[in-house]
Structure formats: C-alpha cells, structure tokens
Amino acid sequence: MIDISILRKNPGLLEAALARRGLDLDVGAMAETDAARRRVRAEAEGMRAEQRRLGRQISRLEGGSKQEAIARASEVASAYRDRLARADELDERFTEMWVRVPNLAHPSAAEGFSDEDSLEIRRWGEPAADGAAPKDHRELGAALGMIDIERAAKVSGARFAYLTGPAVIIELGLVRMVLDFLADKGFTPMVPPVLVREQALFGTGFFPDEDQQVYELAGDDLYLIGTSEVALAAYHAGEVLEEADLPIRYAGFSTCFRREAGAHGKDTAGIFRVHQFDKVEMFSFCRPERSWDEHEMLLSLEEEIVRRLEIPYRVVNVAAGDLGASAAKKYDIEAWIPSQQRYREITSCSNTTDFQSRRLRIRFRSEGGNRLVHTLNGTAAAVGRLLIALLENHQQEDGSFAVPEALRPYVGFDRVG
RNA sequence: GGAGAGGUGGCCGAGCGGUCGAAGGCGCUCGCCUGCUAAGCGAGUAGGGGGUUGAAAACCUCCUCGAGGGUUCAAAUCCCUCCCUCUCCGCCA
C-alpha cells in the first residue's frame with residue numbers, strides 16, 4: 001500500500017507511475033470514491049457526535065425528561081447507523097481498488113516491462129565457453145548421486161527433487177557458511193514458521209496479486225510461504241520499534257513453497273524451477289532515509305557470497321514493469337549457466353520502501369511522532385539454484401565436481417566424484 | 001483433543017453498563033533541587049482516520065481496551081463467533 005496523499009494531491013503522478021509499470025487502473029474512479037467515502041464518513045461522524053452528546057445528557061436526567069431524551073437519541077442513533085453503513089460500503093469499494101496499486105517504482109529502476117528490459121549493471125568472472133563445461137546440472141546431479149528427480153516425480157509429481165548424499169552436506173555447509181557470514185555483518189539468524197496467516201501474505205504484498213502462486217492448506221486458514229521474507233516482515237507487524245535499534249537485520253533460513261502456476265513448459269528440466277527449495281533470506285527494517293544505502297549494501301553482500309563461491313555472474317536492475325507489487329526497485333544477480341550459455345537469476349534484492357510497513361503497521365519512534373520503517377529483502381542463498389550454478393561451473397574434465405575453496409571447511413571434502 | 005484462567009497504553013496493571021481513551025506504577029521528556037551521579041519534587045507523555053488551514057501549529061470530530069459481529073439512547077464493562085497466551089490432563093518428535 002502506498003501513501004494515499006498522492007491520489008489526493010497528485011493523481012497525474014500516480015497515473016504516470018502506473019503507466020510505467022504497464023498498469024491501467026482507473027485513478028479517476030479511485031479519487032472519486034475516496035472523496036465520497038470521506039464526505040459520507042464526515043456526515044456519519046457528525047451524527048455520532050450528536051448521539052454521544054445526547055447520551056451524556058441522559059446519564060444526568062431522571063424520569064420523563066430522561067425518557068424523552070432517550071427517544072430523541074434513539075432516532076439519531078438509527079440515522080447514524082444508516083450513514084455509517086454507507087460509509088463502510090464506500091470504504092470497502094475504495095480499498096478494493098487501492099489494494100491493487102503497487103509501490104511506486106523508483107526513478108532509478110530500469111524502464112520497460114519484462115525481464116528482457118533488465119538493465120545490466122556489471123559482470124564478474126569468466127563465463128565458461130560452450131563445450132568447456134559439457135554436462136548440465138541434471139546429468140551431473142544424477143551421475144554424482146546428488147539429485148534424484150525421477151523418484152521425486154514418482155512420489156510427489158513434477159517439479160520436485162530429492163537431494164541426496166553429498167548434495168545434502170553441501171546444502172548444509174552452504175547454509176552454515178552464509179549464516180556465519182551474515183551473522184558477522186549484524187544479521188540475526190532465524191528459522192521462521194513456513195505456515196502463515198493470510199494477513200502476513202497481504203501485508204507483504206503477495207496477496208491479492210500473487211495468490212495463485214501460494215499453496216493453501218485445505219483444513220486450516222494457513223498458507224505455505226514462498227519465501228521467508230513473508231514471515232520475517234510480519235515478525236514485527238503492529239510494533240513500534242526504537243529508532244536506536246534500527247536497522248534490524250535478519251537472516252532467515254526456511255524451506256520455500258511455490259505453486260509455479262502458469263509456468264507450464266518453462267524451465268522443466270532439472271531443479272531450476274521447483275515447488276520446494278531451501279533458502280537463506282536477508283531482511284532489513286531501517287529508517288526511510290537510509291533504505292537506498294541499505295539496498296546497495298544487501299546487493300553487495302549477495303555479490304560477495306556468489307564471488308566466494310567462484311560463480312561468474314552479472315547484476316541487473318529489473319525493469320519497473322517487471323517488479324512485484326511491493327518493490328520500488330529490484331536487483332537480480334544472474335549466474336552464468338554453462339549448459340544454457342546464458343545468465344539465470346539466482347538472487348533478488350528489493351527495496352519495498354514503506355509499502356509493506358504500511359500494510360503491516362511497522363513503525364519506529366522518532367522525534368515528532370512515529371514513522372513507518374522501510375523494509376528490504378534479498379536472497380543470500382537459494383540452495384537449489386546455487387547448486388545448479390556450482391555443479392555446472394565447477395565440473396571437472398573427468399566429470400567430477402570441485403568444491404570451491406571457501407566452502408571446503410564447511411563440507412569437509414574438496415570434490416565429489 | 002478435554003477442562004479452567006486470561007488478553008487493557010512503549011511496558012506492568014486497575015476498572016466489569018453512562019461523567020473512561022482509561023486509576024496507579026515503570027519507562028521516557030522537560031523543569032526544580034543537588035559538588036557529580038543517584039534519590040527527591042513538579043509538569044507532561046497512546047495510536048490511527050477525517051474536517052479546518054496555502055502549509056504547519058492550534059482547534060473540532062470520529063475510531064481503537066486481542067479480532068469480528070450483536071444487545072442498548074449509551075459497551076473496556078453484557079451476549080455470540082474466532083484468534084492468541086497461561087495452567088492441568090491426554091497425545092507426541
């Protein structure tokens with residue numbers, strides 16, 4: 001949710017912002033409904049004030065004059081109820097529209113509407129030439145006893161995998177390496193709940209826009225998170241934080257669940273796009289003034305992790321029209337995938353400014369009143385995709401996999417195969 | 001899963017149909033006192049909408065005592081549903 005004052009003071013600006021995202025929402029209807037709801041609510045409140053005045057008199061009256069006053073108050077009360085119902089109705093109609101308005105894209109977000117419009121910022125490392133790394137992660141994973149997709153299909157269907165043997169040790173080592181690295185930078189490690197209420201998903205902006213991506217439990221009003229961002233953001237919902245405590249940074253490790261509805265036929269090979277994977281996610285609550293610095297910092301941490309794993313990558317600035325509802329700006333890191341001879345997304349880092357904190361009511365105490373914090377999130381390690389990048393980029397001529405130096409102390413071996 | 005007790009401001013905690021957005025305490029802010037600090041004394045201190053204003057301040061007003069409904073002229077207070085916490089029993093990694 002964005003600050004409503006832009007609708008009241010500068011609807012043209014809002015229209016332009018929506019156009020930049022390729023959205024065509026009826027700003028005029030929003031402004032009209034907003035004005036109507038305020039007018040009607042003011043009328044209702046006037047009636048309510050009168051009713052309360054009468055109520056206070058009644059408590060001091062006796063006998064006949066009391067009965068008379070009660071009759072009068074009764075009339076006012078009923079008129080108020082009608083007006084209030086009308087105001088609630090208008091509120092609801094307005095909210096339905098307003099909730100669809102995404103965050104305003106930052107001026108520095110790339111122009112365009114799809115992933116092809118992403119703006120490359122920089123590259124690092126030497127991409128393996130075609131043929132130099134002959135096997136894809138699927139072949140390697142099967143040959144080295146690390147990934148079993150066929151049996152996963154038997155048990156759970158398409159887009160699932162068993163990680164087996166050395167892959168498990170590598171996952172745990174990777175997670176531990178990244179948590180150590182982040183703890184050292186002031187992040188508090190967390191293992192959050194993976195089942196959350198609807199409110200957490202609405203608060204983070206996944207609802208109503210991306211509800212088709214989210215698994216819902218049949219018997220309970222709970223949903224499986226697609227990223228620990230949801231549980232980490234909602235952790236401080238409704239709270240007033242101390243300014244001196246900011247920024248508050250968490251490193252959440254959790255399994256993530258995604259329905260991948262509408263992705264049929266896309267990335268069907270291997271574990272690039274699966275329904276379940278484990279991930280370490282960075283999340284930060286900070287003062288609004290520093291969120292753009294914080295964004296750059298989170299990106300730099302992501303890059304450092306990928307560099308330590310010696311994976312060639314590039315950083316892109318995602319196009320405004322390709323952003324999720326909550327993000328004002330987003331950087332993706334894309335790893336070089338030799339078998340595909342192109343860069344593929346392995347991390348993503350967003351500044352959601354006050355979009356989530358407004359919905360979740362997360363504020364901080366500051367001079368002159370409480371203010372909304374800014375929230376940011378960034379992938380530290382998406383295990384499945386990192387495993388792909390690691391296997392393909394560090395495969396050896398003899399078909400084995402060489403563990404990158406930085407990871408060796410955490411896994412206890414230096415090669416597989 | 002069964003039984004019981006609770007959810008009140010930044011925190012603790014009283015109130016159990018009207019004068020209550022709410023006693024008291026802690027914390028915080030300002031002032032006084034004091035070699036310094038502590039203590040003491042005095043004052044202030046919930047959040048969120050809307051209106052008014054060029055904007056702010058000031059002012060007016062509504063909402064919020066876990067959430068949502070209901071009864072009533074009037075609800076923190078009575079009724080219903082749900083959520084959460086605690087205790088006991090059961091079950092369990």
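Below, read A as the first sequence line, B as the second, and so on, with proteins coming before strands; counting in each chain starts at 1.
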To the nearest 0.5 Å, atom CZ of A:Arg344 lies from atom CD1 of A:Ile337 at 7.5 Å

Measure the spacing between CG of A:Asn103 and CZ of A:Arg21 and express it to the nearest 0.5 Å. 6.5 Å

Using purine N1 to pyrimidine N3 plus N6-O4 or O6-N4 for Watson-Crick, or N1-O2 and O6-N3 for G-U wobble, each under 3.5 Å, what pairs with B:A3? B:U87

Searching all strands shown, indicate the nucleotide that pairs with B:A93 (Watson-Crick or G-U wobble; both distances under 3.5 Å). none

Here the residues of residues 46-54 of chain A within 4.0 Å heavy-atom distance, strictly under, of RNA chain B are A:Arg48, A:Ala49, A:Gln51, A:Arg52

Judged by each residue's nearest nucleotide on RNA chain B, which is more toward the 5′ side, A:Gly55 or A:Val240? A:Val240

I'd like the P distance from B:G66 over to B:A76, given in whole Å. 10 Å

Under the ring pair (Phe, Tyr, Trp, His ring centres under 6.0 Å) test, which residues partner A:Phe187, sequence neighbours left out? none

Are A:Trp292 and A:His106, when compared by the centres of their aromatic rings, separated by less than 6.0 Å? yes

Between A:Lys330 and A:Asp322, is there a side-chain N and carboxylate O pair less than 4.0 Å apart? no

In terms of side-chain geometry, is the basic nitrogen of A:Asp88 or A:Arg37 positioned less than 4.0 Å from the acidic oxygen of its partner? no

Using the P atoms only, state how far B:A38 lies from B:U34, rounded to an integer number of Å. 16 Å

In whole Å, what is the span from the CG atom of A:Leu372 to the C1' atom of B:G47? 12 Å

Would you mind reading off the distance between A:Ile362 atom CD1 and B:G10 atom C1', rounded to a whole angstrom? 17 Å

Letter per nucleotide, 5' to 3', of nucleotides 78-86 of chain B [B base touched, S only sugar-phosphate touched, - untouched; heavy atoms, 4.0 Å]: -----SS--

Does any pair with a residue in residues 403-417 of chain A pass side chain to side chain donor-acceptor pair (under 3.5 Å), and if so which ones, sequence neighbours excluded? A:Asp180-A:Tyr410, A:Ser400-A:Arg415

Whole-Å gap separating P (B:G68) and CG (A:Asp91): 14 Å

Could you give the distance separating B:U29 and B:A46 at their P atoms, to the nearest angstrom? 16 Å

Using atom P of each nucleotide, how far apart are B:A14 and B:C78 to the nearest Å? 16 Å

Using atom CZ of A:Arg81 as one end and atom C1' of B:G69 as the other, report the distance to the nearest whole Å. 14 Å

Compute the ring centroids of A:Tyr250 and A:His236, then answer whether they are less than 6.0 Å apart. yes

Pick the P atom in B:C41 and in B:G50, then give their distance to the nearest Å. 42 Å

Considering Watson-Crick and G-U wobble pairs with both distances under 3.5 Å, what does B:U45 pair with? B:G27

In B/S/- notation, 5' to 3', how is nucleotides 48-55 of chain B contacted by protein heavy atoms closer than 4.0 Å? SBSS----

Does A:Glu294 pair with A:Arg287 as a salt bridge, N-O distance under 4.0 Å? no

Those residues at least two apart in sequence (or on a different chain) that pass side-chain hydrogen bond (donor to acceptor under 3.5 Å, both in side chains) with A:Tyr313 are A:Glu303, A:Arg307

With both distances under 3.5 Å as the test, what is the Watson-Crick or G-U wobble partner of B:G9? none

When you compare B:C11 with B:C73, how far apart are their P atoms, in angstrom units rounded to a whole number? 36 Å

Length of the line joining A:Glu239:CD and B:G9:P, which is rounded to integer Å: 13 Å

So that I can tick it off, tell me whether A:Glu89 and A:Arg86 are bridged by a salt bridge, with the cut-off set at under 4.0 angstrom between side-chain N and carboxylate O. yes

Check: A:Pro404 main-chain N/O paired with A:His394 side-chain donor or acceptor under 3.5 Å: no

Watson-Crick or G-U wobble mate for B:G40, both contacts under 3.5 Å: B:C32

Pick the P atom in B:U71 and in B:C89, then give their distance to the nearest Å. 43 Å

Using the P atom as the reference point in each nucleotide, state the distance between B:A67 and B:C12 in Å, no decimals. 16 Å

Which nucleotide, in any strand shown, forms a Watson-Crick or G-U wobble pair with B:C82, with both distances under 3.5 Å? B:G66

How many Å lie between NZ on A:Lys66 and C1' on B:G18, as a whole number? 8 Å

Distance check needed: B:C28 P versus A:Leu241 CG, whole Å only. 19 Å

Salt-bridge test for A:Arg38 and A:Asp34: reply yes if a basic N is under 4.0 Å from a carboxylate O, no otherwise. yes

Scanning all shown strands, the Watson-Crick or wobble mate of B:A56 with both distances under 3.5 Å is none

Please give, in whole Å, the distance from B:C28 C1' to A:Glu243 CD? 15 Å

